[in-house]
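We number each residue from 1, following the sequence as shown. Counting starts at 1 for both ligands and their atoms, in listed order.
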Amino acid sequence: MEKNAKIYIAGHRGMAGSAILRKLTNEGYQNFVLKTSNELDLRNQSAVEAFFEQEKPEYVFLAAAKVGGILANNTYRADFLYENLMIQNNIIHQSYVHNVKKLMFLGSSCIYPKLAPQPLKEEYLLTGELESTNESYAIAKIAGIKMCESYRLQYNCNFISVMPTNLYGEGDNYDLQKSHVLPALIRKFHEAKLQNSHFVEVWGTGTPLREFMNVDDLADACVFLMKNYDQPEIVNIGVGEDLSIKELALLVKEIVGFTGELRFDTSKPDGTPRKLMDTSKINNLGWKASISLKDGIKKVYETKFL
Ligand code: GDP
């Protein structure tokens with residue numbers, strides 16, 4: 001990817017897309033095509049067609065998606081399926097039509113079967129039933145993976161798919177109804193501290209295991225793979241370590257300095273019991289995450305709340 005290459009980042013105002021933009025800018029790239037969702041509705045086929053016809057980007061990072069935590073995924077099932085399929089179908093197909101040199105599609109760790117062996121290896125895709133709370137999102141992402149693979153097989157397109165683990169960091173969503181667990185906990189503990197509350201409510205049983213990666217590590221991995229990986233198989237991007245939701249809550253509690261107790265609301269779903277990425281493949285390619293969870297949470301907390 002030459003320094004003057006024309007790069008389209010779809011979703012450049014989202015958490016992942018904005019981190020990729022920061023990373024590329026730091027490396028000296030400057031020829032970006034960027035459109036907000038008001039300027040270009042990626043669900044609109046003819047609008048996306050006209051955009052590609054006019055801009056003809058050389059490289060595409062497909063980081064635009066409708067995303068959310070366990071409650072949003074479970075509640076807005078139709079929107080998660082429809083919007084994500086439309087966005088990715090339009091961009092992937094137009095990237096083929098307009099001869100994009102390389103496209104990277106960002107998937108998710110939720111594409112793997114609910115009860116797959118852990119850690120999750122890339123080859124476990126489509127070997128079992130999905131977790132129900134995020135099935136719509138996962139089905140859309142699996143379709144995106146298969147789009148990239150199929151356009152490569154049929155039309156020789158250099159389209160690759162990467163599967164990030166749960167992300168947190170700059171640009172995250174702190175809306176308690178829609179967010180993922182980590183930003184929700186940071187906000188809840190912070191507000192509980194300010195209000196001198198006696199407890200913080202944690203959804204579910206606290207036993208599910210999750211892995212968390214700082215979005216700046218993700219951006220680093222994406223740029224690394226864009227430069228160094230040209231194969232049809234998907235690649236996991238993770239840190240290779242997980243912890244329980246209870247352990248996570250205790251860690252956030254310590255960082256924020258809250259002294260009350262945790263209360264588990266078991267009327268809320270747990271979701272999948274565990275989703276830890278096997279990161280051997282990306283590690284063997286020469287990349288490793290570098291931001292520790294504790295340092296990452298501290299930085300986010302200080303930047304966003306203090
Ligand atoms: P998931 O990884 O797709 O299950 O999505 P989430 O990040 O939303 O949830 C991860 C786990 O954290 C689930 O077991 C949730 O029940 C649990 N959790 C605990 N407290 C919260 C909270 O305040 N918000 C969210 N989103 N999840 C929470």
Side-chain angles (χ1 to χ4, degrees), residues 15-16 65-77 79-81 84 106-116 118-120 129-142 163-169 171-193 197 199-215 218 236-239 241-253 255-256 258 260-277 293 296-297 300-301 305:
M15 179 164 60
K66 181 175 178 65
V67 299
I70 192 165
L71 195 65
N73 264 278
N74 202 18
T75 310
Y76 308 109
R77 301 180 81 93
D79 299 349
F80 273 82
L81 193 49
N84 285 312
L106 273 74
S108 160
S109 57
C110 72
I111 54 136
Y112 292 111
K114 176 179 176 126
L115 300 177
Q118 306 279 329
L120 298 159
E129 270 187 45
L130 296 165
E131 153 62 27
S132 148
T133 51
N134 54 32
E135 193 186 58
S136 291
Y137 183 70
I139 293 273
K141 289 293 181 186
I142 293 169
M163 301 304 122
T165 188
N166 295 26
L167 301 172
Y168 72 95
D172 211 342
N173 176 0
Y174 289 83
D175 173 334
L176 294 180
Q177 295 306 307
K178 294 186 179 158
S179 72
H180 285 96
V181 61
L182 187 38
L185 291 179
I186 296 175
R187 178 172 167 184
K188 285 183 187 178
F189 280 108
H190 178 66
E191 291 178 354
K193 183 174 90 169
S197 308
F199 68 93
V200 160
E201 197 169 83
V202 181
W203 294 355
T205 59
T207 56
L209 295 157
R210 293 288 184 278
E211 174 187 18
F212 299 92
M213 183 167 64
N214 191 282
V215 73
L218 169 79
N236 289 341
I237 307 179
V239 297
E241 277 172 31
D242 60 0
L243 77 177
S244 73
I245 297 300
K246 183 174 177 187
E247 288 168 322
L248 177 73
L250 292 172
L251 179 62
V252 176
K253 177 180 149 162
I255 290 167
V256 172
F258 172 71
E261 61 179 61
L262 312 181
R263 279 192 200 166
F264 292 93
D265 174 4
T266 51
S267 70
K268 293 283 196 311
D270 266 348
T272 200
R274 191 177 189 194
K275 46 176 167 178
L276 174 64
M277 294 291 212
L293 185 57
I297 298 177
V300 169
Y301 179 55
F305 291 92

(request) Taking the six-membered ring of Phe80 (Phe, Tyr or Trp), confirm whether the NZ or CZ of Lys66 is under 6.0 Å from its centre and within 45° of its axis. (result) yes
(request) Using the six-membered ring wherever Trp is involved, compare the ring planes of Tyr301 and His190 and label them parallel, tilted or perpendicular (cut-offs 30° and 60°). (result)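 Because their plane-to-plane angle is over 60°, the rings of Tyr301 and His190 count as perpendicular.
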(message) Nearest 0.5 Å, please: how far is CZ in Arg274 from CD in Glu211?
(response)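 Glu211 CD to Arg274 CZ: 9.5 Å, rounded to 0.5 Å.
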(message) At less than 4.0 angstrom from any atom of ligand 1, which residues have a non-hydrogen atom? List them by chain and residue number.
(response)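 Protein residues near ligand 1 are Gly69, Ile70, Asn134, Asn166, Ser179, His180, Val181, Ala184, Lys188, Val202, Trp203, Pro208, Arg210, Ile245, Pro269, Asp270, Lys275.
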Inspect the surroundings of [atom1] in [X] and state if more than 12 heavy atoms from other residues, nucleotides or ligands are less than 6.0 Å away.
X	atom1	value
Glu241	CD	no
Lys246	NZ	no
Lys193	NZ	yes

